[in-house]
Amino acid sequence: FVNYAKELKLDLEKFKKDSDSSEVKNQVAEDLKEAEQMGINSTPTFFLNGQKVNVNNFNEFKTLLKNL
């Protein structure tokens, strides 16, 4: 991720400090727990009307949206 931060011209020292902070690590752990409870095991994951949908490409997703 440091390389991405460099490409984005982020403050690398702040990025590294924040990445190592317990606050950030705790937030990531909370987000992961919530995702697992929702049945999210990959990204991207899409929900329509509160239901998880499995799509393989953009056209499948468009079709689902049109059929709402």
Side-chain angles (χ1 to χ4, degrees):
F1 288 107
V2 173
N3 287 333
Y4 292 131
K6 284 180 189 176
E7 287 180 30
L8 295 169
K9 297 181 176 32
L10 300 180
D11 178 337
L12 292 182
E13 290 307 312
K14 182 170 179 6
F15 177 83
K16 290 175 187 176
K17 179 182 173 194
D18 290 346
S19 295
D20 290 336
S21 76
S22 59
E23 182 180 346
V24 170
K25 289 178 183 180
N26 290 339
Q27 183 63 55
V28 169
E30 287 178 33
D31 290 348
L32 179 59
K33 182 179 177 183
E34 183 178 356
E36 289 171 344
Q37 290 171 344
M38 295 174 67
I40 298 171
N41 57 6
S42 63
T43 58
T45 299
F46 298 100
F47 286 80
L48 290 176
N49 294 328
Q51 298 293 316
K52 183 178 171 183
V53 294
N54 294 312
V55 292
N56 295 310
N57 58 55
F58 180 68
N59 286 330
E60 287 182 17
F61 192 67
K62 280 188 352 185
T63 300
L64 286 174
L65 290 172
K66 287 180 182 178
N67 292 330
L68 289 177

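Just so it is clear, the values below take in all heavy atoms, side chains as well, and ignore hydrogens, waters and symmetry mates. Heads up: numbering here begins at 1 and tracks the sequence.
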Residue set satisfying side chain to side chain donor-acceptor pair (under 3.5 Å) with K66, at least two apart, ordered chain then number -> none
Residue pairs meeting side-chain hydrogen bond (donor to acceptor under 3.5 Å, both in side chains), one or both in residues 17-29, sequence neighbours left out, come to K14-D18, Q27-D31
The ring-ring contact (aromatic ring centres under 6.0 Å, His included) partners of F46 (sequence neighbours excluded) come to F61
Applying side chain to side chain contact (heavy atoms under 4.5 Å, CB included) to N57 and not counting sequence neighbours gives N59, E60
Between K52 and T45, the two heavy atoms sitting closest are CE-CG2, 3.8 Å
Quick note, ring-ring contact (aromatic ring centres under 6.0 Å, His included) partners involving residues 5-29, not counting sequence neighbours, are none
To the nearest 0.5 Å, atom CG of L65 lies from atom CZ of F58 at 8.0 Å
Sorted by chain and residue number, the side chain to side chain contact (heavy atoms under 4.5 Å, CB included) partners of L64 (sequence neighbours excluded) come out as L48, V53, V55
query = Any chain of hydrophobic side-chain contacts (each under 4.5 Å) joining F1 to L8?
reply = yes
inquiry  = Heavy-atom count check: over 12 atoms from other residues, nucleotides or ligands less than 6.0 Å from Q51 CD?
reply    = no
Rounding to 0.5 Å, atoms CG (L68) and OG1 (T63) come to a distance of 11.0 Å
